[in-house]
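Computed from a predicted structure; not experimentally measured.
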Amino acid sequence: MEKRSAVELRRPFLSGSRTSAVLSILVMGAGQLNNRQYGKGIALLLLHFASLYVVIAKLPHAVWALVTLGEQQTRLEKVGKLYQQVMGDHSIYLLVEGLIMIFLMFVLLAVYVQNVRDAHHCARLREEGVPLHTFRQTLHFLLEYRFPQIAIAIPVLGVAFFTAMPIVFMILLAFTDFTRSHMPPAQLVNWHGLETFRDIFRLRVWSETFYGVTLWTLLWAVGSTLTCFAAGFMIALAVQQKDIRFKKFWRTIFILPYAIPLFVSTLILRNVFNGQFGPVNDYLELMGFGRIPWLSDPEWAKLTLVLVNMLLGFPVIMLMIIGVLSTIPGDMYEAADIDGADGLQKLRLITFPTVMYTMMPILIMQFVANINNFNVIYLLTGGNPVNGNYQFAGHTDILITWLYKLSMEQGQYNFASVIGIFIFVLLSGFAVWSIRRTKSFKEERL
């Protein structure tokens, strides 16, 4: 009997790329085994049986959990002469379990599709006479040439699990009646449809609060962003003037407040602007002025918030603008002097456009951050003064602090989820739309 060549030994058991693909569709790894890729085939085959176990043993319960959110409440049952508490289904745990299982199913589905594609591709290479890699060579190829993709895939899975899944969980809560009065395991949570969305826009007590808080949130974000930029821009211009001495000293002085933890600075300023014993009002009285209700009057409280946020936020903007100003060529100003331009014209035609070219994406992101600026609002005013027409919100509450009160203080978790969805849609849509319209993005210099 003649010896078979190495090429013949490496041929597939059943010829045809479609055959290997069909085998992989039926059983993961079967196509690889048909292509005589034993290491890869055995690994996929083990994954196939593990997936079958998950699908048969775990998936039905996860689907039941997502559909029903539980069927048995916590109850008392008589055992002999005594009543014992029997724990029921925990709707929130069941919802989380179902989401994790759905996430795992998507991962397994992606592996399954890639398994079919790999078997079909490798079978075609064999038909063309190209020798396939061994399992060790495949691992070496992945580590040598596909390491960036592997390195990116791991954090992508982490983002999907720890970021995307909580967002999906929050969205699903908005379609339930999950409140403090329906708190598992004592009570079951039920799917509520669009009822919560209708209530927040239809019921006056909720709609008035929603529109009022949203309007103040947008005004707060615009005012805070503009004041921080204006203060940082003016101070950066002043510090960068040629006739200003001790520039390093002034930069250090202005950046020192930023080195103090934000919550410490905010709490100090809360006492500074206290209407009864704050030093600001004491000094105003000494100068013959009346006391100002900085934090107790709605309008003054809003003005104080913008002022405090400017004091805390302008140092970073100042440093960024100083960096931009240092990159402007001096030849441009010299040419402007030759053309007879005055200081205001140089500011309007050279300095400001250059600064805005670089700073616009940063200002957009700062605007988005100010919409979610929880710390300053909550630490300085706590959303107060109280507004009798609002539902669980004060005059200075923004959407994120109202969401906090609804969830952590009032237990209105479904309404808080609706607010969270609105914030997510508003911010993501605005950020993407605004940044894509900036000149620096269009020129790919962002």
Side-chain angles (χ1 to χ4, degrees), residues 218-262 265-266 269 303-373 376 427-446:
L218 296 176
L219 293 175
W220 149 259
V222 172
S224 300
T225 304
L226 292 181
T227 51
C228 283
F229 173 76
F233 185 66
M234 289 188 293
I235 295 175
L237 287 178
V239 171
Q240 288 299 100
Q241 293 296 315
K242 293 182 179 179
D243 54 347
I244 294 294
R245 302 177 62 186
F246 309 114
K247 293 185 178 182
K248 293 182 179 179
F249 170 78
W250 294 117
R251 293 171 187 166
T252 305
I253 289 296
F254 287 124
I255 200 62
L256 275 180
Y258 191 74
I260 302 174
L262 179 62
S265 302
T266 307
L269 290 172
L303 181 63
T304 305
L305 280 170
V306 175
L307 176 63
V308 168
N309 186 76
M310 182 192 70
L311 295 175
L312 297 175
F314 84 86
V316 175
I317 299 296
M318 179 199 69
L319 285 182
M320 291 181 180
I321 293 177
I322 287 176
V324 176
L325 294 177
S326 63
T327 63
I328 301 177
D331 298 342
M332 298 179 67
Y333 291 107
E334 293 176 3
D337 290 331
I338 294 174
D339 292 336
D342 57 20
L344 184 59
Q345 289 175 325
K346 288 188 286 186
L347 175 65
R348 181 172 60 87
L349 299 175
I350 299 176
T351 307
F352 187 74
T354 305
V355 170
M356 291 303 296
Y357 178 82
T358 303
M359 293 294 297
M360 182 55 72
I362 298 174
L363 292 179
I364 292 171
M365 299 312 297
Q366 190 178 49
F367 173 81
V368 172
N370 280 325
I371 290 181
N372 279 330
N373 196 340
V376 174
L427 294 188
S428 58
F430 173 79
V432 172
W433 177 80
S434 300
I435 290 179
R436 289 178 66 87
R437 289 175 61 87
T438 59
K439 187 176 180 181
S440 53
F441 182 86
K442 293 178 181 178
E443 297 183 5
E444 298 183 356
R445 295 181 181 180
L446 183 60

### Task
Could you grab the distance from atom CD1 of Ile371 to atom CG of Leu427, nearest 0.5 Å is fine?
4.5 Å

### Message
Under a 3.5 Å cutoff, is there a donor and acceptor pairing between the side chains of Asn370 and Ser224?
### Response
no

## Note on the structure
Here the gap from Met332 atom CE to Asp337 atom CG, rounded to the nearest 0.5 Å, amounts to 12.0 Å

### Query
Do you know which two heavy atoms are closest between Met310 and Cys228, and how far apart they sit?
CA-SG, 3.7 Å

### Summary
Separation between CZ (Phe352) and CG (Leu237), nearest 0.5 Å, reads 10.5 Å

### Message
Quick one, Tyr333 and Thr351 - any side-chain contact, counting heavy atoms below 4.5 Å?
### Response
yes

### Task
For the residue pair Ile350 and Gln345, establish whether any side-chain heavy-atom pair is separated by less than 4.5 Å.
no

### Query
Could you state the interatomic distance from OG1 (Thr354) to CD1 (Ile321), rounded to the nearest 0.5 Å?
12.0 Å

### Message
Test side-chain contact (heavy atoms from CB on, under 4.5 Å) on Thr304 and Leu269; report intermediate values, then the result.
### Response
CA-CA 10 Å; Thr304 305; Leu269 290 172; over 6 Å; no

### Query
From Ile253 CD1 over to Ile235 CD1, what is the distance, rounded to the nearest 0.5 angstrom?
12.5 Å

### Task
Could you tell me whether Phe314 and Phe229 have their ring centroids closer than 6.0 angstrom?
no

### Query
What do the steps show when you test Thr358 against Met320 for side-chain contact (heavy atoms from CB on, under 4.5 Å), and what is the final call?
CA-CA 9 Å; Thr358 303; Met320 291 181 180; over 6 Å; no

### Query
With side chains defined as the heavy atoms from C-beta onward, is the minimum distance between Met356 and Leu363 less than 4.5 Å?
yes

### Close side-chain approach of Gln366 to Ile317, heavy-atom, < 4.5 Å
yes

### Message
Is any side-chain heavy atom of Trp220 closer than 4.5 Å to one of Val376?
### Response
yes

## Note on the structure
Between Ala236 and Leu325, the two heavy atoms sitting closest are O-CD1, 4.0 Å

### Message
If we check side chain to side chain contact (heavy atoms under 4.5 Å, CB included) with Ile362, which of these qualifies: Met359, Met360, Met365?
### Response
Met359

### Message
Any side-chain to backbone donor/acceptor pair from Thr327 onto Val324? Under 3.5 Å, distance only.
### Response
yes

### Task
Describe, in one word, how the ring planes of Phe367 and Phe430 are oriented to each other, choosing from parallel (under 30°), tilted (30 to 60°) and perpendicular (over 60°).
tilted

